[in-house]
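Worksheet: one structure, shown below.
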Amino acid sequence: MSATGIGAAVRRKEDLRFITGKGQYTDDISRPGETRAVFLRSPHAHAKIKRVDTKAAAAMPGVIAVLTGADLAQDKIGNLICGWMIHSKDGSPMKMAPHPAIAANKVCCVGDQVAVVIAETLAEGKDAAEKIKVDYEVLPAVVDAAKAQSAPAIHESAPKNTIYQWHLGDAKAVDAAIKSAKHVTRLDIVNNRLVPNAMEPRVAIAEYDSGTDNLTLWNTTQNPHVARLVISAFVGMAPEHKLRVIAPDVGGGFGSKIFIYPEEVVCLWAARLVGRPVKWTSDRSEAFVADAHGRDHITHAEMAFGEGGKITAIKVKTIANLGAYMSTFSSSVPTYLYATLLSGQYDIPAIYCEVDAVYTNTAPVDAYRGAGRPEATFVVERLVEVGAREEGMDPAELRRKNFIKTFPHQTPVIMNYDAGDYGASLKKALDLADVKGFDKRKRESERAGKLRGLGYSSYIEACGIAPSQAVGSLGCGVGLWESAEVRVNPTGSVEVLTGSHSHGQGHETTFAQLVSERLSIPIENVSVVHGDTDKVQFGMGTYGSRSGAVGMSAVVKALDKVEAKAKKVAAYMMEAAEGDIVFKDGKFTVAGTDKSVAWGDVTLNAYIAHKFAGSQLEPGLKEGAFYDPTNFTFPAGCHICEVEIDPETGNTEIVGWTAVDDFGTVVNPMIVEGQVHGGVAQGIGQALLESAIYNAEGQLVSGSFMDYTMPRAENLPSLKVDTTMTKCPSNPLGIKGCGEAGAIAAPAAVVNAITDAIGSEDLAMPATPPAVWAAIRKAAKMQKAA
Amino acid sequence: MYAFTYHRPTTVRQAVNLLAKNSEAKLLAGGHSLIPVMKLRLGSPGALIDMNKIEGLSGIELKGRSLVIGAMTRHGEVATSQVVKEALPALADLAGMIGDPAVRHRGTIGGAIAHNDPSADYPAAVLGLGATIITSKRRIEADEFFKGMFETALEPDEIITKVSFPLAKKAAYQKFKQPASGFALVGVFVSKRGADIRVAVTGAGASGAFRVTAFEEALKKRFSPKSIEGMTVPATGLNGDIHGSAEYRAHLIAVLARRALAAA
Ligand SMILES: Cc1cc2nc3c(=O)[nH]c(=O)nc-3n(C[C@H](O)[C@H](O)[C@H](O)COP(=O)(O)OP(=O)(O)OC[C@H]3O[C@@H](n4cnc5c(N)ncnc54)[C@H](O)[C@@H]3O)c2cc1C
């Protein structure tokens, strides 16, 4: 391993500009003549729009235009779409209701766009927006997924508010297994709705050049090319070659910036109408209602056990709340990113899962860090833990018994696990967490009047998303390969253009580490270019822990081609046969001789082209590649959470956290550890603190940081983070991915620990102090009654 | 934020005159309650009267058996003041629990008391110690000052200039934070000064901070957690919201009161 190669904890190259305030986020960009867009949003969760009167607003100072849904329809701007087709059990396609970028006839959630003011300044825009008069006819709202199917339809095209009724697996086999089971564990689970809250809110700047008829969009997006494709091909804003999408520095996404949102569409449309650049910056209050939320499942789950704790089946029925409209990838999250992971780390012969996706009068729900896999892990790991408790078995032992031990392993729910060693991560985690000493610590807590509990989560995820053919057959509208281009300059420095997008992950460092190692050049001589459709040929963006496994694999492929070409150049330089050239340690050597040329000589010769004729070899050294993965990757591991609870207040303190993850090859251990920390913090946030709460009228009650609890440093213990390693056989570097693991593993570990401590399974997330206090009291009452 | 006119008087008298003349005006102290409301366009005072240039409104002084704190004294100054730590450590503790460092560097005791947020910490100490609010016009006893959520005995053109806290032999504050905002879900301040025993609660009351007289009575025998063991507070009239029901708050009052007594 070189000091800056794969496996080195290289300091992040991008951090200097981030921590010295030199980052260029979208809001830092200002275009000459820029105007500001201010959206008027619906205060009602569900209402007919009878009339929108913009006259008074249009007469306000600084107002350039006031535009409504009717104007948008007149200009034939297309609706937003969900790009993943899911078919119901009966073969019917999902019910995708129209989603205009500005509502024209009715609003379907609080925060729905009703009009937009384009003004000289933000303050003038806000003043004018208050002067727009809207006549609403308020309709009854439904916010709870459990009630959606018996509520009046929100969209005509979706009777019973049902988007699809999907299933996966073998119902008969599962029912038979449950019938003949020695024991069945049953749980009702709510996976709480979360607001992503990236540190940087969403921003869009659109500019139209009437001279060239080109539109440019600067946007806080995780995948600029997909944004361009959708806005062009579906929304019909401009032909693809006339639309440029730039994602500059982006300050966190967690999935919420994958999607194509109404605001950027409106900015593009308005920029062409008013002939000036249009900028919209979400404020925090807007972000709470206008960003896609995450999770929100209601689930009944059953796990059947045979002799000796052998798991024989899982049966799951989930209602997934997709909110008021179908966001870009919403349909895939509670289906192919969820049910396909219900086998967990276990050898389970039969699995059946039914999912009803429903509309409600709430913000749209889509992928959020982990997307479907945290929900699946929570179901499986709660069932396993509760099953062990009910059967009086050690939960670690029960897991060990059921682990998949041979690979490849075909689960009953599509996935084919390629490599892993689940026993190894469990063992290491048990040691690191000092589980042996737990009983003693528990007694000490008891002496201090506290309850102590231990919870495991042996999670698995499917990352490296994903083989295009496979996802195509499951309904995905795009391929999920990645592209890369390696441009070598005459002086030997390198630019890597990648379709992956970094919004905090550190690609400028990790991708450069790969090149530095492969070409034996200093890491400073490598720069990574991403986030601009005019620079990078194409890309599918960053989500689903795919940038290492898929994005870097494309770079490897391009580097292979660069090396092959460079060998040809070296062969001409040394008048040797191409087949005799060996490239090692940055030198090209004629095998068996001491004749060699250095990297820089070869790159220069590739460009000056003096040693070969045009008929022999093309000058230059620049290669591109598209890499389509052969399988998903399967990061897995074991997290152990230890909690201490104050029974008088119900307050939970996380006193120990151990994470042992198998991410395959680790490119930069420091960055990976950071990703684990962030993921675990978000998972603890979901388990203890965070909850998007709507009241019956559809108002988001927890719509600010005064009421929505983000995890803070004081909520987190010092984390013990370690890894085990089985290389991923499905990509050249052996990478599995690490970006989501913490958020996937953590919630189950926390809830398993708390329920262990309080001796009751009747506890929903977030396990706030009053919730834990009430659970303790309820359990005590039931014990008394019994 | 809507437009407003800005005034910066240098004396209390000037500030009072400006207030009297302009019914739409608001005093600006640390701005940490007022400015957020204005930024969200939920409040739109026509004028702000900034008190930050008025001399003599800030400072901490021990006067006989009282600790006198100027209205413009920041929470951070109270939290770290050696004088407060020695004379009334419970008050320094309380100030140190308010918000985060940025809030404590700007927010003032006068602002906090005048604002009377039902979840603010200071009202518990003012009531729990039987402090006296000194204004541009008069002296107001703590028990007469708080008049319900965001309401006080202050007249429209009255300015708090000082708060005088009598020193207590025993005092302590226990705060259970609302996890998102960091304000008090429930805060309980207990004190004993001769025969005067006080138990004051913030965060829980639907109309702001209040005293728990049943506890105070029980504590007259002995100022100890044992004296209120098993006693409860009725949930009626208490706040219930997404962060905790009225029952939970009632329960916390008793728990925190016992803990405060143990710490005092
Ligand atoms: C993020 C955050 C967290 C917070 N956390 C807490 C917390 O945990 N606990 C807590 O108790 N508070 C908390 N606060 C509130 C904080 O303590 C405020 O500073 C305080 O409530 C108001 O004081 P101020 O000096 O900022 O007043 P300002 O905001 O300037 O004024 C508030 C009101 O009081 C009036 N006023 C101000 N001074 C006087 C005076 N001398 N005479 C008469 N009227 C006056 C003003 O006109 C205004 O109406 C928090 C605030 C923020 C922003």
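Just so you know, these numbers use all the heavy atoms, side chains as well, and skip hydrogens, waters and symmetry mates. Every chain is numbered from 1 and lettered A, B, ... according to where its sequence line falls, protein lines coming before strand lines.
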Item to check | A:E714 vs B:K177 side-chain heavy atoms within contact, under 4.5 Å | outcome: yes
Item to check | B:E247 to A:W773 - nearest heavy-atom pair and separation | outcome: O-CH2, 4.2 Å
Item to check | Separation between CD of A:E648 and CG of B:L256, rounded to the nearest 0.5 Å | outcome: 9.0 Å
Next on the checklist: Measuring from atom OG1 of A:T709 to atom CD1 of B:I242, what distance do you get when rounded to the nearest 0.5 angstrom?
Outcome noted: 7.5 Å
Next on the checklist: Please classify the contact between A:E130 and chain B as side chain, backbone, both or neither, with a heavy-atom cut-off of under 4.5 Å.
Outcome noted: side chain
Item to check | Between B:Q178, B:M1, B:R249, B:R41, the one whose heavy-atom pairs under 4.5 Å with chain A are most numerous | outcome: B:R41
Checklist entry - Side chain, backbone, both or neither: which part of B:L40 has a heavy atom under 4.5 Å from chain A? => result side chain
Item to check | A:K147 atom NZ, over 12 foreign heavy atoms within 6.0 Å | outcome: no
Next on the checklist: Can you confirm whether more than 12 heavy atoms, excluding those of B:E229, are under 6.0 Å from its CD atom?
Outcome noted: yes
Item to check | Interface moiety of B:Y248 toward chain A, non-hydrogen atoms closer than 4.5 Å | outcome: both
Checklist entry - Can you list the steps and then say if B:D100 with A:R712 is a salt bridge (Lys or Arg N to Asp or Glu O under 4.0 Å)? => result CA-CA 12 Å; B:D100 51 44; A:R712 298 176 165 98; over 6 Å; no
Checklist entry - Crowded around A:M782 CE? As in, over 12 foreign heavy atoms under 6.0 Å? => result no
Next on the checklist: I'd like to know whether NZ of B:K192 has more than 12 heavy-atom contacts from other residues, nucleotides or ligands below 6.0 angstrom.
Outcome noted: yes
Item to check | Option in A:P769, A:A774, A:S702, A:S285 with maximal non-hydrogen atom pairs under 4.5 Å from chain B | outcome: A:P769
Item to check | Distance-minimising heavy-atom pair for B:G244 and A:P770 | outcome: CA-CG, 4.1 Å
Checklist outcome for this item: chain B shares the most heavy-atom pairs under 4.5 Å, among A:N715, A:T768, A:T649, with A:T649
Checklist outcome for this item: Ranked by heavy-atom pairs below 4.5 Å to chain B, first place among A:N695, A:D283, A:D127 goes to A:D127
Checklist entry - Looking at A:D646, A:L689, A:N651, which makes the most heavy-atom pairs under 4.5 Å with chain B? => result A:D646
Item to check | NE2-OG distance between B:H243 and A:S691, expressed to the nearest 0.5 angstrom | outcome: 10.0 Å
